[in-house]
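We're numbering straight along the sequence, starting at 1. Because the structure is a prediction, the values reported are computed rather than measured.
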Amino acid sequence: VIVALLHRLKKIPRAVHRWREMMKPQVVFVLGGPGAGKGTQCARIVANYSYTHLSAGDLLREERSRKGSEFGQLIDTYIKEGKIVPVEITINLLKKAMEETMKADEKKFRFLIDGFPRNQDNLQGWNTVMDGKADVKFVLFFDCSNEVCIDRCLERGKSSGRTDDNRESLEKRIQTYLQSTRPIIEQYEKQGKVCTIDASRSVDEVFADVKNILDKEG
């Protein structure tokens with residue numbers, strides 16, 4: 001009996017370790033050019049799977065408009081110029097959002113992080129701040145031509161009220177994406193962690209591919 005009890009006690013730390021691993025945020029990075037349909041597809045995923053959608057851009061826009069924010073003006077300038085906001089601000093907003101979500105409901109530990117990391121600085125910042133605190137499962141990459149992306153954003157701009165949905169800002173954003181974000185996607189591809197989807201098709205066709213990936217990847 002004592003031997004059996006000791007054997008069971010030995011298993012407890014392993015079980016606790018596994019539980020702690022499970023409690024770590026499980027992250028899927030969602031990347032693609034502006035207008036590739038990241039937000040639309042994330043909304044579909046949330047409706048069908050146990051994921052919480054965090055948009056780096058939305059968090060920054062919320063912080064920009066939050067009364068008394070020390071970063072509001074700085075974020076506003078970066079967004080209007082189509083530039084990437086300093087990494088410390090973005091990561092802290094993401095980390096805070098994940099912590100608050102998990103505190104409110106411990107079952108909500110799967111996250112779609114949309115529009116991040118957008119450059120090498122973002123990736124290094126994430127690896128430094130979140131090392132051992134979150135697991136990146138894979139990257140969901142919505143691949144779409146620049147022309148389709150611009151057309152979609154201009155159409156969205158008619159009703160979105162977003163200051164960056166205009167041709168001048170869009171062309172800057174596309175350039176930023178090509179120069180800064182594509183190399184990040186390529187880095188993850190080398191690690192075998194990228195699931196690429198042709199995002200130029202209809203919302204339903206794209207989501208059918210997303211479902212296949214999530215059903216397989218879990």
Side-chain angles (χ1 to χ4, degrees), residues 24-39 41-42 51-64 70-99 110-146 148-150 153 162-164 168-199 213 217:
K24 245 195 256 182
Q26 302 293 301
V27 171
V28 173
F29 287 142
V30 181
L31 294 174
K38 299 184 294 294
Q41 293 299 327
C42 284
Y51 276 91
T52 299
H53 174 213
L54 298 178
S55 160
D58 285 351
L59 288 171
L60 288 166
R61 280 185 283 275
E62 281 166 25
E63 185 64 21
R64 174 179 63 173
E70 59 181 306
F71 303 119
Q73 188 58 53
L74 180 74
I75 293 169
D76 189 51
T77 304
Y78 273 87
I79 288 176
K80 279 181 181 165
E81 287 294 313
K83 291 179 183 171
I84 293 169
V85 174
V87 65
E88 296 80 10
I89 296 173
T90 309
I91 291 176
N92 279 315
L93 292 174
L94 287 167
K95 188 165 176 273
K96 186 177 160 202
M98 285 192 286
E99 284 168 356
R110 290 189 182 92
F111 296 91
L112 299 165
I113 297 187
D114 160 14
F116 184 93
R118 288 180 63 199
N119 63 6
Q120 194 63 42
D121 190 38
N122 275 187
L123 184 57
Q124 282 171 350
W126 173 272
N127 289 339
T128 303
V129 176
M130 301 305 290
D131 182 41
K133 294 175 187 164
D135 292 331
V136 178
K137 292 169 75 183
F138 60 96
V139 174
L140 201 52
F141 170 39
F142 292 103
D143 195 10
C144 198
S145 74
N146 298 346
V148 171
C149 285
I150 287 174
C153 286
R162 281 178 53 168
T163 56
D164 54 351
E168 191 186 348
S169 281
L170 281 165
E171 282 172 2
K172 286 178 185 172
R173 284 162 66 198
I174 294 273
Q175 283 312 307
T176 300
Y177 162 71
L178 292 172
Q179 289 163 11
S180 305
T181 311
R182 280 308 293 257
I184 299 298
I185 295 164
E186 285 157 17
Q187 269 181 257
Y188 275 111
E189 270 172 344
K190 284 174 189 162
Q191 296 171 32
K193 289 182 89 167
V194 175
C195 298
T196 303
I197 293 171
D198 174 6
I213 289 165
E217 297 285 345

How far apart are the closest heavy atoms of [X] and [Y], and which atoms are they?
X      : Y      : result
Ile89  : Leu74  : CD1-CD2, 3.6 Å
Gln187 : Gln120 : OE1-OE1, 2.6 Å
Ala199 : Phe142 : CB-CB, 3.7 Å
Gly82  : Arg173 : CA-CG, 4.1 Å
Ala56  : Gly115 : CB-O, 3.9 Å
Thr196 : Val194 : OG1-CG1, 3.6 Å

Is it true that a side-chain atom of Lys38 and a backbone atom of Gly33 form a donor plus acceptor pair closer than 3.5 Å?
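Yes, the answer is positive, given that a donor and an acceptor are paired below the 3.5 Å cut-off.
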Short side-chain to backbone donor-acceptor contact, Asp76 and Gly72, under 3.5 Å:
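Judged by distance alone, no pair lies under 3.5 Å.
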Output the distance between atom [atom1] ([X]) and atom [atom2] ([Y]), rounded to the nearest 0.5 Å.
X      : Y      : atom1 : atom2 : value
Asp143 : Asp198 : CG    : CG    : 7.0 Å
Thr181 : Leu123 : OG1   : CG    : 11.0 Å
Leu54  : Leu59  : CG    : CG    : 6.0 Å
Ser55  : Glu62  : OG    : CD    : 8.5 Å
Gln26  : Tyr51  : CD    : OH    : 8.0 Å
Phe116 : Leu93  : CZ    : CG    : 10.5 Å

Quick one: are [X] and [Y] in side-chain contact, heavy atoms under 4.5 Å?
X      : Y      : result
Val30  : Cys42  : yes
Phe29  : Phe141 : no
Arg110 : Val27  : no
Phe138 : Ile213 : yes
Thr176 : Ile84  : yes
Leu140 : Ile197 : yes
Ser180 : Arg118 : no
Asp164 : Leu170 : no

Give me each pair satisfying salt bridge (Lys or Arg N to Asp or Glu O under 4.0 Å) with a member in residues 83-99, each pair once, sequence neighbours excluded.
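Output for this query lists Lys95-Glu99.
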Derivation and outcome, side chain to side chain contact (heavy atoms under 4.5 Å, CB included), residues Ile113 and Met98
CA-CA 10 Å; Ile113 297 187; Met98 285 192 286; 4.3 Å; yes
Greater than 12 external heavy atoms within 6.0 Å of Glu168's CD:
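Atom CD in Glu168 is not packed in, count stays at 12 or less.
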Ser169 and Thr163: CA distance, side-chain angles, deciding distance, side chain to side chain contact (heavy atoms under 4.5 Å, CB included) verdict
CA-CA 8 Å; Ser169 281; Thr163 56; over 6 Å; no
Quick one: do Trp126 and Ile91 satisfy side chain to side chain contact (heavy atoms under 4.5 Å, CB included)? Show the steps, please.
CA-CA 7 Å; Trp126 173 272; Ile91 291 176; 4.2 Å; yes
Determine whether Lys172 and Glu81 satisfy the following criterion, side chain to side chain contact (heavy atoms under 4.5 Å, CB included), listing intermediate values before the conclusion.
CA-CA 8 Å; Lys172 286 178 185 172; Glu81 287 294 313; 3.9 Å; yes
Could you list the residues that satisfy side-chain hydrogen bond (donor to acceptor under 3.5 Å, both in side chains) with Arg61, not counting sequence neighbours?
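With neighbours one apart ignored, the set is Asp58.
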